K.L.:
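Would you mind keeping the following structure in view while I ask a few things?
This is a predicted model, so every value here is computed, not measured. Computation of the quantities below employed the complete heavy-atom set of this structure, encompassing side-chain atoms and omitting hydrogens, waters and symmetry-equivalent molecules. Throughout, protein chains are lettered first and strands after them, A, B, ... in sequence-line order, and every chain is numbered starting at 1.
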Protein chains: 2
Amino acid sequence: MIKPRSRRGGGRPTIADVARKAGVGAITVSRALREPERVSEELRRQIQAAVDELGYVPDPNARALASARAEVFGVLVPSLTNNVFAEVVRGIYDSLSASPFRIQLGNTHYSGLEEERLLQVFGSQRPAALIVAGIDQTPISRKLLESAGCPVVQVMETGPDPVDMMVGFSHFDGGRTATEHLIEAGYRRIGFIGARMDPRSQRRLAGYRAAMEAAGLFDPRLVTTTPVLSSVPLGREMLRDALAKVPTLDGVFCNNDDIALGVLFECHRASIAVPKTIGIVGFNDLDMMQVAFPSITSIRTHRYEIGRRAVAMALAAIAGSRPEQRIVDLGFELKRRESTAR
Amino acid sequence: MIKPRSRRGGGRPTIADVARKAGVGAITVSRALREPERVSEELRRQIQAAVDELGYVPDPNARALASARAEVFGVLVPSLTNNVFAEVVRGIYDSLSASPFRIQLGNTHYSGLEEERLLQVFGSQRPAALIVAGIDQTPISRKLLESAGCPVVQVMETGPDPVDMMVGFSHFDGGRTATEHLIEAGYRRIGFIGARMDPRSQRRLAGYRAAMEAAGLFDPRLVTTTPVLSSVPLGREMLRDALAKVPTLDGVFCNNDDIALGVLFECHRASIAVPKTIGIVGFNDLDMMQVAFPSITSIRTHRYEIGRRAVAMALAAIAGSRPEQRIVDLGFELKRRESTAR
DNA sequence: TAGGCAATTGGTAGCGCTACCATGACGTTG
DNA sequence: CAACGTCATGGTAGCGCTACCAATTGCCTA
């Protein structure tokens, strides 16, 4: 007895159904969908008609299994809610929405171990490309990236030794530029306030330190950091801590804009004049910086563009054309505003 | 001649390799991994040893194809960068990280058409569950959700007619509560300022209107809206517009906290005393509201918890136990702060 | 005019896994 | 003690698609 046509999977149309309806072989349907130029004009039309009529949508799982390559970009970021990474992800998403590629998102929670675990899992899906935040992977993670067998783009930062490709900017230079700006504006006892001291924040701190030392102004007591997750309320607390240590503080370079905003609010609350008594510089330049009162000087970073560029490079690599430039530095921009206009 | 053992897919170990090494059948390995209790203690150990030694990770694509069900949660949100949805996604992610399920994220950009397209695409993957923001799906989207053949959770809002399950709260009540609070605090010419008037914002506006009419205070000129994407700078502009229309404005209920923050900054800039001259209420209660100066009254919503609860309900449904309560209202909380303490 | 080559199309054989059914070894029961 | 579960395990046959090769056609070259 012939097995009744009981599909395990809910009876959605398959490529065979389309082929039957269009009067062609299944493989021709497959080609018409993926490489239309290799199928004659006429068949292409017939097949398209059958696809439309049946509402056929290819099964990505079957496709991935057969072709040993999933149409998936693995994306690893340390936080989902931090606006900075959300913007990178948005850039990636927007650049990918016109392509057949999906996004597989992973949140490392700033943990190297978690990153290793996720890379392991992602690897099992044979992704088309991997985009990871940061350049400080553990040796194991690095090995996993190198053996992923797909383009890899490290984003947010540039460094000397890419796994494959890189898009970002120099956090060290960003920190130095911010600090030099404060020095030029006439501030002297300039503090560094940093939460969640991940490797990028460390390098911003190093840039701060370089600028301060060059000006003969460095003093370790000016540096206030914590491993705690960054937030606006935390910025407020940290300014209090910093002032308790160094009452003569007359400027702060903040790790990021959340902290800077918290610092600004604390200044209001404590009736500390900004920029007169204390100057403030943030990092990233979220859009609220320009409307804060006073508006806050910040280092503008190109997060969205980093996401777009990373995808463009990965797509080019997938298409076989390794870009000549494997490290792309998108730079940053110092936005001078009222908070440092003494 | 026997075909040389040239795997299409880069030679990663398969379930057959594990089975051979452990001296058992492939199906037993499959079971040991998915339903360990059905395999004897001894074999389980042998298989685990083989898995570890080979570094075997099951191929999710093959698994999905064979079982007609992918271990994927489809998640549809209207924005990736809006902190509110980022927190929902974080809640979903955290709740899912201990499970084998992955997340397939879709950004509808507040477009019904885009939502339909994404549901179509997601459906082709036979997801284990779907979580979608909002309750105002188009008829086509609704049909796609109903025929998805998996648990569906609509989040962020509650309403009378769930596709399957719902977790959220009443935006109408939130808007009314916020407005009633302003009225009780003694404000009379209370404006509504709202950007990107999506359905949830519309209902907050309806709640505002209900409260104002009940108090005999409603005046259409008090309402200022725009379809433009919400942002802090926009809040600043919109307060200017509102004041241009109604110079006697003495309070504002803002659509969300970004707008509220922009309004606050504009008040500082224009030397309008808060809360004395104008009272401000936001919506969502981002953590910066409590440290703003003055701190801003807001409606606290439980975004993270909504994500967690949605996953819990979906997981229960997958396990076969449809929860008795299909609509979960997580409510909200009015946080009274300085911005309305007249 | 035979041979060669490109363009189109199709058949076959998997990709790696699991659903489904079969098997054998044990009790358990009336 | 036959008949009948129950448990642990395995074999077979796909899931829906594409890589690989073969076949056919028409046209061009020598």
K.L.:
Mind calculating the distance between CZ (R126(A)) and P (dC17(D)) to the nearest angstrom?
P.N.:
19 Å

K.L.:
Counting only heavy atoms from other residues, nucleotides and ligands, does the tally under 6.0 Å from CZ of R69(B) exceed 12?
P.N.:
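Enclosed.
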
K.L.:
Rounded to the nearest angstrom, tell me the gap between atom CG in L65(B) and atom P in dT18(C).
P.N.:
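To the nearest whole Å, that distance equals 11 Å.
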
K.L.:
Between S30(B) and dT18(C), is there a side-chain N or O to OP1/OP2 distance below 4.0 Å?
P.N.:
yes

K.L.:
Roughly how many Å is it from CG in N61(B) to C1' in dC17(C), rounded to a whole number?
P.N.:
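Going from N61(B) (CG) to dC17(C) (C1'), I get 11 Å.
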
K.L.:
When you measure from the side chain of I27(A), which nucleotide among dC17(D), dG11(C), dA19(C) comes out closest?
P.N.:
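The answer is dG11(C), which lies nearest to the side chain.
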
K.L.:
Could you check how far CD of Q125(B) sits from C1' of dC15(D), rounded to whole Å?
P.N.:
16 Å

K.L.:
For V72(B), check side chain to side chain contact (heavy atoms under 4.5 Å, CB included) against everything at least two apart and list the hits.
P.N.:
A70(B), R102(B), Q104(B)

K.L.:
Which pairs with one or both residues in residues 104-127 of chain B pass ring pair (Phe, Tyr, Trp, His ring centres under 6.0 Å), sequence neighbours excluded?
P.N.:
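Output for this query is empty, none listed.
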
K.L.:
Heavy atoms within less than 4.0 Å of DNA chain D: which residues of residues 31-53 of chain B have one? Give them sorted by number.
P.N.:
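Nucleic-acid contacts, sorted: R31(B), R38(B), V39(B), S40(B), L43(B).
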
K.L.:
Answer yes if the side chains of S30(A) and R34(A) hold a donor-acceptor pair under 3.5 Å, and no otherwise.
P.N.:
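A donor-acceptor contact under 3.5 Å links the two side chains.
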
K.L.:
D59(B) has a side chain; which of dC17(D), dG16(C), dG10(C) sits nearest to it?
P.N.:
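It is dG16(C).
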
K.L.:
Collect all protein-nucleotide pairs involving nucleotides 4-6 of chain C in which both atoms are nitrogen or oxygen and the distance is under 3.5 Å.
P.N.:
none

K.L.:
Going by ring pair (Phe, Tyr, Trp, His ring centres under 6.0 Å), name the pairs with one or both residues in residues 27-82 of chain A, residues two or more places apart or in two chains.
P.N.:
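Every pair satisfying ring pair (Phe, Tyr, Trp, His ring centres under 6.0 Å) with a residue in residues 27-82 of chain A: F73(A)-F101(A).
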
K.L.:
Keeping D17(B) on the side-chain end and T14(B) on the backbone end, is there a donor-acceptor pair under 3.5 Å?
P.N.:
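Checking the backbone N and O of T14(B) against the side chain of D17(B), a donor-acceptor pair under 3.5 Å is found.
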
K.L.:
With the side chain of V24(B) defined as its heavy atoms from C-beta on, choose the nearest nucleotide among dC17(D), dG10(D), dG16(C).
P.N.:
dG10(D)

K.L.:
Please tell me which of the listed nucleotides, dC17(C), dG11(C), dC17(D), lies nearest to the side chain of Y56(A)?
P.N.:
dC17(D)

K.L.:
Between dT9(D) atom P and R20(B) atom CZ, what is the distance in whole Å?
P.N.:
20 Å

K.L.:
Check the distance between dG16(C)'s P and D17(B)'s CG and give it to me in whole angstrom.
P.N.:
9 Å

K.L.:
Mapping V29(B) and P58(A) to their closest nucleotides on DNA chain D, which lands nearer the 5' end?
P.N.:
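Taking each residue's closest nucleotide, the earlier one in sequence belongs to V29(B).
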
K.L.:
With the threshold set at 4.0 Å, does a side-chain nitrogen-carboxylate oxygen contact exist between R90(B) and E87(B)?
P.N.:
yes

K.L.:
Can you establish whether the number of heavy atoms outside E37(A) located under 6.0 Å from its atom CD is more than 12?
P.N.:
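Atom CD in E37(A) is crowded, with more than 12 foreign heavy atoms closer than 6.0 Å.
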
K.L.:
Write down the distance between CZ (R69(A)) and C1' (dC15(C)), rounded to a whole number of angstrom.
P.N.:
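Checked: the CZ to C1' distance equals 14 Å.
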
K.L.:
Return the set of residues passing side-chain hydrogen bond (donor to acceptor under 3.5 Å, both in side chains) with N83(A) (not counting sequence neighbours), or none when no residue passes.
P.N.:
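Not a single residue meets the side-chain hydrogen bond (donor to acceptor under 3.5 Å, both in side chains) criterion with N83(A).
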
K.L.:
Figure out the CZ/P separation between R63(A) and dC15(D), and round it to whole Å.
P.N.:
18 Å

